[in-house]
There are 2 protein chains.
Amino acid sequence: MIPLSYALLGLLARAPQSGYDLLQLMEEPMGFFWSARRSQIYPELARLEAAGLARHTVVPQRDRPAKKLYEPTEAGLAALREWVETPQAPAPDRDIFLVQVYSLWLVAPARALALTRACKRRHAARLERYEAIRQRQREEDGDPSALRLDSPRFASWATLQRGLEYERGYLAWLRWLADAIAAQMAP
Amino acid sequence: MIPLSYALLGLLARAPQSGYDLLQLMEEPMGFFWSARRSQIYPELARLEAAGLARHTVVPQRDRPAKKLYEPTEAGLAALREWVETPQAPAPDRDIFLVQVYSLWLVAPARALALTRACKRRHAARLERYEAIRQRQREEDGDPSALRLDSPRFASWATLQRGLEYERGYLAWLRWLADAIAAQMAP
DNA sequence: TAAGTCATGTAAAAAGTTACATGATTCT
DNA sequence: AGAATCATGTAACTTTTTACATGACTTA
């Protein structure tokens with residue numbers, strides 16, 4: 001089992017889903033911290049089923065094509081619980097913008113500034129997306145600090161909170177970087 | 001060319017290095033934002049050379065085995081510059097701890113707290129490592145805000161700064177999470 | 001002489017991405 | 001009739017990891 005297995009089980013543990021549903025849930029919200037494409041998700045579902053961690057039932061629909069609804073088995077839930085409470089080796093850190101910044105001394109300041117601003121736009125957009133989700137969540141759940149620890153809502157709120165702080169921190173650093181570059185251009 | 005190609009070129013652009021040197025530089029400091037193993041680095045160096053972006057000379061040493069010293073070619077430097085000033089599609093976000101947190105509602109609060117603390121230790125250790133590097137950098141370079149934009153030192157400082165802020169932000173969130181869990185355990 | 005570091009690679013397997021492929025149903 | 005959404009997959013390729021493999025030289 002790979003992290004993706006548990007990402008999928010984590011989604012199924014909240015509610016049964018079709019592969020197609022999972023495709024979208026892996027975009028948002030799971031994609032904010034773990035991602036996978038269609039070509040990885042469908043085979044992984046088959047693997048989970050072969051391993052006895054998930055099962056599916058075919059659900060015919062009037063207005064749409066039939067779908068396979070997946071849910072975790074008891075063994076699947078147990079495996080997920082066990083994995084969740086075991087500290088995991090972190091995935092290697094990968095930030096392509098920092099790879100660029102590491103060689104930023106090679107390029108003209110104006111280019112460096114433009115690059116920084118492009119990155120800033122990305123992160124600002126991501127932050128806005130997170131804030132929209134928080135807004136929606138607040139409308140649905142009310143005061144998030146009142147959520148029970150054993151509710152999926154609490155878990156969603158905790159991950160969202162990290163996303164918000166991550167983007168704010170990144171943006172603060174980007175502003176600092178842009179200022180440092182600009183400061184050496186003006187005089 | 002993949003991001004790793006430019007990570008390696010970025011190291012070579014600062015000073016010629018052997019594959020073995022690059023192995024260690026890919027651990028630290030490059031590993032803080034991009035990583036690769038030996039089995040990827042040596043073939044990648046060969047690829048860079050085949051593409052005319054790097055070249056090597058064999059350097060015999062008295063006290064140690066001979067080594068291949070790599071440096072970027074003019075074409076390699078040009079390719080690096082061009083890549084650096086072009087906005088890159090970000091690598092997918094991957095945070096295994098957040099995958100766990102997303103399903104944290106399934107496990108006992110005491111386990112959740114233990115997991116959070118294990119994560120906190122990791123990040124605290126990483127922060128200490130960054131702070132030690134900052135200390136060393138400060139001793140070598142003096143006031144970092146005086147560094148010139150076109151010096152590798154500036155670039156190193158900028159990436160380190162991001163690392164420091166990332167770990168501080170992560171730790172702040174972990175404290176918040178631990179508190180939220182603890183608050184529901186006590187009463 | 002054994003352990004440790006310096007030094008360079010390859011092989012095989014796994015994980016992940018891009019592109020291909022198909023078909024039902026609904027809406028315009 | 002064509003575009004859009006729902007729905008499920010596979011094939012080929014690239015990237016990355018894990019494990020294997022070897023040898024020079026130094027120090028205890």
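Every chain is numbered from 1 and lettered A, B, ... according to where its sequence line falls, protein lines coming before strand lines.
- Residue A:Leu4 is classed as having no contact, given no heavy-atom separation below 4.0 Å to the nucleic acid.
- A cation-pi arrangement is present between B:Arg162 and A:Tyr166, with the terminal nitrogen or guanidinium carbon under 6.0 Å from the aromatic centre and inside a 45° cone about the axis.
- One finds no side-chain N or O of B:Tyr20 lying less than 4.0 angstrom from the OP1 or OP2 phosphate oxygen of C:dT8.
- To the nearest angstrom, C1' of D:dA7 lies 12 Å from OH of A:Tyr70.
- Atom CZ of A:Arg37 is separated from atom C1' of D:dT10 by 16 Å (rounded to the nearest Å).
- Taking atom OH on B:Tyr42 and atom C1' on C:dA11, their separation rounds to 17 Å, with Å as the unit.
- Atom pair B:Asp93:CG and C:dG16:P shows a separation of 14 Å (rounding to whole Å applied).
- Of the candidate nucleotides C:dT17, D:dT10, C:dG23, D:dT10 has the atom lying nearest to any side-chain atom of A:Pro43.
- For C:dA24, the OP1/OP2 oxygens have no side-chain nitrogen or oxygen of A:Gln61 closer than 4.0 Å.
- Along DNA chain C, the nucleotide nearest to B:Arg64 and the one nearest to A:Ala36 differ in position, and the one closer to the 5' end is contacted by B:Arg64.
- Under the 6.0 Å distance and 45° angle rule, B:Arg122 does not count as a cation-pi partner of B:Phe97.
- Per the geometry, CZ belonging to A:Arg94 stands 11 Å off P belonging to C:dT17, to the nearest Å.
- Residue A:Lys68 has a polar side-chain atom (N or O) positioned under 4.0 Å from OP1 or OP2 of D:dG9.
- The interatomic distance linking A:Arg47 (CZ) with C:dA15 (C1') rounds to 10 Å, in whole Å.
- Counted within 6.0 Å of CD on B:Glu131, heavy atoms from surrounding residues, nucleotides or ligands total more than 12; the atom is thus considered enclosed.
- Remark: the backbone N or O of B:Leu53 is paired with a side-chain donor or acceptor of B:Thr73 at under 3.5 angstrom.
- With respect to B:Glu49 and B:Arg55, no salt bridge is recorded, no charged nitrogen being found less than 4.0 Å from a carboxylate O.
- In this structure, B:Ala66 reaches the sugar-phosphate backbone alone: every heavy-atom distance under 4.0 Å involves primed, P, OP1 or OP2 atoms, never a base.
- As rounded to whole Å, 6 Å separates atom P of D:dC6 from atom CD of A:Gln24.
- Mapping B:Asp21 and B:Pro92 onto DNA chain C by nearest heavy atom places B:Asp21 at the nucleotide closer to the 5' end.
- Atom pair B:Arg38:CZ and C:dA11:P shows a separation of 15 Å (rounding to whole Å applied).
- Contact annotation for B:Ser39: base contact, defined as any heavy-atom pair under 4.0 Å involving a base atom.
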